[in-house]
Amino acid sequence: MSVEGTYSRAIGHDHSHVIHPFSQLATTEIAPDDMYVGGAGCFLEDARGNRLFDANAGLWCVNVGYGRDELVEAIREQAARMSYGQIFARNANLPSAELAARIAGLAPSGMNRVFFGTGGSIANETAIRTAHHYFRLQGRESKRIVLSVDQSYHGSTYLAASLTFSGNYHETFHVADTVRSIAAPYPYRAPGGLEGDRFVDFLVDDLERTITRLGAENVACFILEPVLGAGGVIVPPDGYHARVVEVCHANDILVIADEVVTGFGRLGHFMAAEPVFGMQADLITLGKGISSGYQPLSATLVSDRINDVIASSDDPDRIYAHGFTHSGHPVCCAAGLANIDIIQREDLCGHVTQVGARFQARLRDLSGSPLVGEVRGLGFMAAVELVANKETKALFPTEVGISGRVEASCREEGLIVRPLRQHVILSPPLIMTAEESDWLVGVIERSLDRVESELRSEGLL
């Protein structure tokens, strides 16, 4: 069968058998330019042979780019040597031990224990279960409530989805009743035009009032993305992170930094919560860029303070009864080790810091478009928020499909961006050059102009 015939058959199988995540199942239908068949560097190739710059890095994850021989070889070598090795109880394997040590060495002081999973949702589930276990072992069973923020995203397993307040999770599926949300640290849409310190005061007051209402004795932990990713790359106001940590710790509430997106170089640091935002967390969750998407891998970092409690006795009732078949999978961990090697050898964190400043500055030039309410982001992580009215910040009706229009126009010029409600999301591979970033912004600029023209001709602007 020809290559074209193979892809045609695969598209038919996809239509008949595959349930696509986060999709409208009744209307999702794959075409040849929706099926990717190869990748190298920052580029993907579709089944029509088109070469497309992936400004999503997959789903925030292909940090070192596609087609890295070092990663492929590390995976091959480990699979040939030992394809599987579980780490339950008194079992171990070399790659998971080495990777845990490498990650602990990159983590903030006092974070020396690592639990491995296979994705960000599992990392966040692990953090919550560990927090609950920590308090249960101290006889404080009532501390079970988890606080999250509006517009957050923490995953799509049952508990992780319950922590998520972007999209319509809580209307679509059942969720856990132990989760509460507080106000989003979303400066562009702050209530009453609050700005700067006044907005931070408002947010901290909301947290304090929520804790008082629920009772600190009932609240176990607070989970926060340093930058809210799927909520629209929302960068909280200066001072917010440190102040919410202070409030939580004063009430003996553990703080979880969800660095599934922001970790492994996206903001110019292996972990960004503390060095960038002053957020001193008790648990840190990592995923996506930890293996650059080459293998399913995640990690939950546990502070020494927590570990001292959960590992303080050999009483059988104190067992850490949590784990997965593929926890510490040797092939996945080998990929993680090779990935760290690449990031360090090529100084991708330094590269992101340097090129990211230019990328963000150039993106701000898009603010002159009548369609752009705000451009925001840090490092290699950005969002363009699209509005129908710049003065009122009013959104276009859903049926206009505003971000989808911009995405389609970008794709015509060979650029993949992510349309997400009123946002165009950008999270390019960390190897993107300054020249590529300039080209990327130019494509978006031309696409905004084309979409503006379309909307005016349709009487929608």
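Fair warning: this is a prediction, and the values are worked out from it, not measured in the lab.
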Considering all heavy atoms, the nearest [X]-[Y] contact:
| X | Y | result |
| --- | --- | --- |
| Ser427 | Ala57 | O-CB, 3.1 Å |
| Gly229 | Ile425 | O-CD1, 4.5 Å |
| Thr262 | Ala272 | O-CB, 4.3 Å |
| Ile253 | Lys143 | CG1-NZ, 4.3 Å |
| Phe359 | Gly379 | CD2-O, 3.7 Å |

Is there a donor-acceptor contact under 3.5 Å linking the side chains of [X] and [Y]?
| X | Y | result |
| --- | --- | --- |
| Arg358 | Gln354 | no |
| Tyr134 | Arg305 | yes |
| Asn63 | Arg266 | yes |
| Glu412 | Ser409 | no |
| Thr178 | Arg144 | no |

Over 12 foreign heavy atoms within 6.0 Å of [atom1], [X]:
| X | atom1 | answer |
| --- | --- | --- |
| Ile19 | CD1 | no |
| Glu195 | CD | no |
| Gln280 | CD | no |
| Asp449 | CG | yes |

Side-chain donor/acceptor pairs under 3.5 Å, residues 179-186, sequence neighbours excluded:
from   : atom 1 : to     : atom 2 : distance (Å)
Arg180 : NH1    : Asp177 : O      : 2.7
Tyr186 : OH     : Arg376 : NH2    : 3.4
Tyr186 : OH     : Glu385 : OE1    : 2.7
Tyr186 : OH     : Glu385 : OE2    : 3.2

Cationic tip of Lys288 above Phe264 ring, under 6.0 Å, 45° of axis: no

Identified side chain to side chain contact (heavy atoms under 4.5 Å, CB included) partner of Leu440 from the options Val443, Asp438, Ile444: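 The passing option is Ile444.
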
As a test of understanding, state which of Val417, Val424, Val441 forms a side chain to side chain contact (heavy atoms under 4.5 Å, CB included) with Val384.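 Answer to the side chain to side chain contact (heavy atoms under 4.5 Å, CB included) test with Val384 among Val417, Val424, Val441: Val424.
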
If a pair satisfies side chain to side chain donor-acceptor pair (under 3.5 Å) and one of its residues is in [range], list it, with sequence neighbours excluded.
| range | result |
| --- | --- |
| residues 290-302 | Ser292-Asn339 |
| residues 241-251 | Asp201-Arg243, His249-Asp282 |
| residues 23-43 | Tyr36-Arg411 |

So, [X] and [Y], do they make that salt bridge, N to O below 4.0 Å?
| X | Y | answer |
| --- | --- | --- |
| Glu374 | Lys390 | no |
| Arg446 | Glu413 | yes |
| Arg405 | Glu458 | yes |

Picking from Thr285, Thr164, Asp258, what satisfies side chain to side chain donor-acceptor pair (under 3.5 Å) with His154?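 So the option named by the test is Asp258.
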
Can you tell me how far [atom2] of [Y] sits from [atom1] of [X], rounded to the nearest 0.5 angstrom?
| X | Y | atom1 | atom2 | value |
| --- | --- | --- | --- | --- |
| Ser162 | Asn124 | OG | CG | 12.0 Å |
| Leu301 | Ile256 | CG | CD1 | 12.5 Å |
| Leu228 | Ile234 | CG | CD1 | 5.0 Å |
| Cys248 | Leu254 | SG | CG | 9.0 Å |

According to the salt bridge (Lys or Arg N to Asp or Glu O under 4.0 Å) rule, which pairs have a member within residues 212-237, sequence neighbours left out?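 Every candidate salt bridge (Lys or Arg N to Asp or Glu O under 4.0 Å) pair involving residues 212-237 fails, so no pair, neighbours aside, qualifies.
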
Under the salt bridge (charged side-chain N to carboxylate O under 4.0 Å, His left out) criterion, do Glu454 and Arg450 qualify, and how do the steps go? CA-CA 6 Å; Glu454 284 177 11; Arg450 285 192 290 269; over 6 Å; no

According to side chain to side chain donor-acceptor pair (under 3.5 Å), who are the partners of Arg129, at least two apart in sequence or on a separate chain? His322

So, do Gln344 and Leu106 sit near enough that their side-chain heavy atoms are less than 4.5 Å apart? yes

Using side chain to side chain donor-acceptor pair (under 3.5 Å), reason through Gln151 and Ser166 one step at a time and then give a plain yes or no. CA-CA 4 Å; Gln151 305 303 317; Ser166 63; 5.9 Å; no

